[in-house]
**Q** 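Can you read through this structure? Questions will come right after.
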Amino acid sequence: MTKKRGDDSGAERILAAVRRIPRGRVSTYGMIADLAGLPRRARLVGAVLRQTTARVPWHRVINASGRISFPAGSDAWRRQRERLEAEGVVFVRGRVDLKHYAWPARTVQLDELLWKM
DNA sequence: CGGTCGGCCCGCC
DNA sequence: CGGCGGGCCGACC
């Protein structure tokens with residue numbers, strides 16, 4: 001067969017979902033889990049991103065509070081923030097406004113509206 | 001709007 | 001197997 005399925009806890013699907021996040025946008029662990037068809041597995045997403053060596057835009061994944069899930073001020077935290085800011089993502093008081101930057105957006109219309117203003 | 005508290009589920013002793 | 005902690009989350013003060 002082409003590929004084995006179900007023996008990797010969905011790691012591949014998680015990475016595929018992460019790769020779909022557009023530049024300058026962010027997604028949350030929970031959203032990625034859903035997109036990967038693995039509801040309730042937000043923590044698994046974190047585990048996969050932590051250990052993977054695959055080239056994926058891991059920095060575009062943050063938590064549902066709009067914050068980076070590394071200890072504030074740590075090397076990893078700084079690195080992730082820098083990468084996001086380099087893509088134009090703005091932090092306000094240490095957090096990203098998911099209403100503006102979250103992908104996928106709640107609705108296409110809301111997305112268009114927010115991005116025009 | 002920020003801080004806590006349980007759940008949830010997986011990965012690794 | 002049993003326990004524990006994690007790049008989490010939503011509900012509730």
**Q** Less than 4.5 Å apart, side chain to side chain, heavy atoms only: is that true for A/Tyr29 and A/Ser69?
**A**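 Answer yes - side chains close enough.
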**Q** Any base atoms under 4.0 Å from A/Arg95, or only sugar-phosphate, or nothing? Heavy atoms, all strands.
**A**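 It contacts sugar-phosphate atoms only.
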**Q** What is the distance, to the nearest angstrom, from the CZ atom on A/Arg50 to the P atom on C/dG5?
**A**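 These atoms are roughly 14 Å apart.
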**Q** At under 4.0 Å between heavy atoms, what does A/Val61 touch on the DNA or RNA strands: base, sugar-phosphate, or nothing?
**A**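 Base contact.
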**Q** Nearest whole angstrom, please: distance from the C1' of B/dC1 to the CG of A/Leu98.
**A**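 It is 15 Å, rounded to the nearest whole Å.
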**Q** Please tell me if the side chains of A/Asn63 and A/Thr28 come closer than 4.5 Å, counting only heavy atoms from C-beta onward.
**A**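 Side chain of A/Asn63 against side chain of A/Thr28, heavy atoms only: no contact under 4.5 Å found.
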**Q** Which is it for A/Leu35 and A/Val18 under the side-chain contact (heavy atoms from CB on, under 4.5 Å) test, yes or no, and what are the steps along the way?
**A** CA-CA 9 Å; A/Leu35 286 175; A/Val18 172; over 6 Å; no
**Q** For the pair made of CG in A/Leu44 and P in B/dC10, what is the distance, rounded to whole Å?
**A**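 Nearest whole value for this atom pair: 8 Å.
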**Q** Could you check which of B/dG2, C/dC8, C/dG7 has an atom nearest any side-chain atom of A/Leu49?
**A**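 Looking only at heavy atoms from C-beta outward on A/Leu49, the closest nucleotide is C/dG7.
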**Q** So does A/Arg40 get a side-chain nitrogen or oxygen closer than 4.0 Å to the phosphate oxygens (OP1/OP2) of B/dC9?
**A**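 Answer no for this pair, as no side-chain N or O of A/Arg40 is under 4.0 Å from OP1 or OP2.
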**Q** Round to the nearest Å and state the distance from A/Asn63 atom CG to C/dG7 atom P.
**A**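 For the pair A/Asn63 CG and C/dG7 P, the rounded distance is 12 Å.
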**Q** Given C/dC9, is OP1 or OP2 found less than 4.0 Å from the side-chain N or O atoms of A/Ser65?
**A**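 Checking A/Ser65 against C/dC9: no side-chain N or O falls below 4.0 Å of OP1 or OP2.
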**Q** For DNA chain C, write out the stems as range with range, using runs of 3 or more consecutive Watson-Crick or G-U pairs with both distances under 3.5 Å.
**A**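 So the stems come out as B:2-7 with C:8-13, B:9-13 with C:2-6.
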**Q** Can you tell me how far P of C/dG6 sits from CZ of A/Phe70, to the nearest Å?
**A**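 To the nearest whole Å, that distance equals 13 Å.
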**Q** May I ask you to decide whether A/Glu87 forms a salt bridge with A/Arg25, counting only side-chain N to carboxylate O separations under 4.0 Å?
**A**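 Between A/Arg25 and A/Glu87 there is no salt bridge, as every charged N stays at least 4.0 Å from the carboxylate O atoms.
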**Q** What's the closest nucleotide to the side chain of A/Arg41 if the choices are C/dC8, C/dC9, B/dC10?
**A**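 Looking only at side-chain atoms, A/Arg41 lies closest to B/dC10.
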**Q** Going by heavy atoms in the side chains, are A/Tyr101 and A/Val90 under 4.5 Å from each other?
**A**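 The answer is yes, as the side chains (C-beta and beyond) meet within the 4.5 Å cut-off.
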**Q** Do you know which two heavy atoms are closest between A/Gln80 and A/Ile68, and how far apart they sit?
**A**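 The answer is OE1-CG2, 3.1 Å.
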**Q** Would you mind reading off the distance between A/Asp34 atom CG and C/dG10 atom C1', rounded to a whole angstrom?
**A**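 From A/Asp34 CG to C/dG10 C1': 13 Å.
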**Q** Mapping A/Pro39 and A/Arg93 onto DNA chain B by nearest heavy atom, which one lands closer to the 5' end?
**A**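 Of the two residues, A/Arg93 wins.
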**Q** Between A/Glu82 and A/Arg78, is there a side-chain N and carboxylate O pair less than 4.0 Å apart?
**A**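 No.
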**Q** Give the rounded distance in Å between these two atoms: CZ of A/Arg60 and C1' of C/dG7.
**A**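 A/Arg60 atom CZ is separated from C/dG7 atom C1' by 17 Å.
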**Q** Looking only at side-chain N and O atoms, does A/Arg43 come under 4.0 Å of OP1 or OP2 in C/dG6?
**A**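 Looking at the OP1 and OP2 atoms of C/dG6, neither is under 4.0 Å from any side-chain N or O of A/Arg43.
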**Q** Give the rounded distance in Å between these two atoms: CD1 of A/Ile32 and P of C/dC8.
**A**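 The answer, rounded to whole Å, is 14 Å.
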**Q** NA contact type, A/Ala64, heavy-atom cut-off 4.0 Å: base, sugar-phosphate, or nothing?
**A**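 It contacts sugar-phosphate atoms only.
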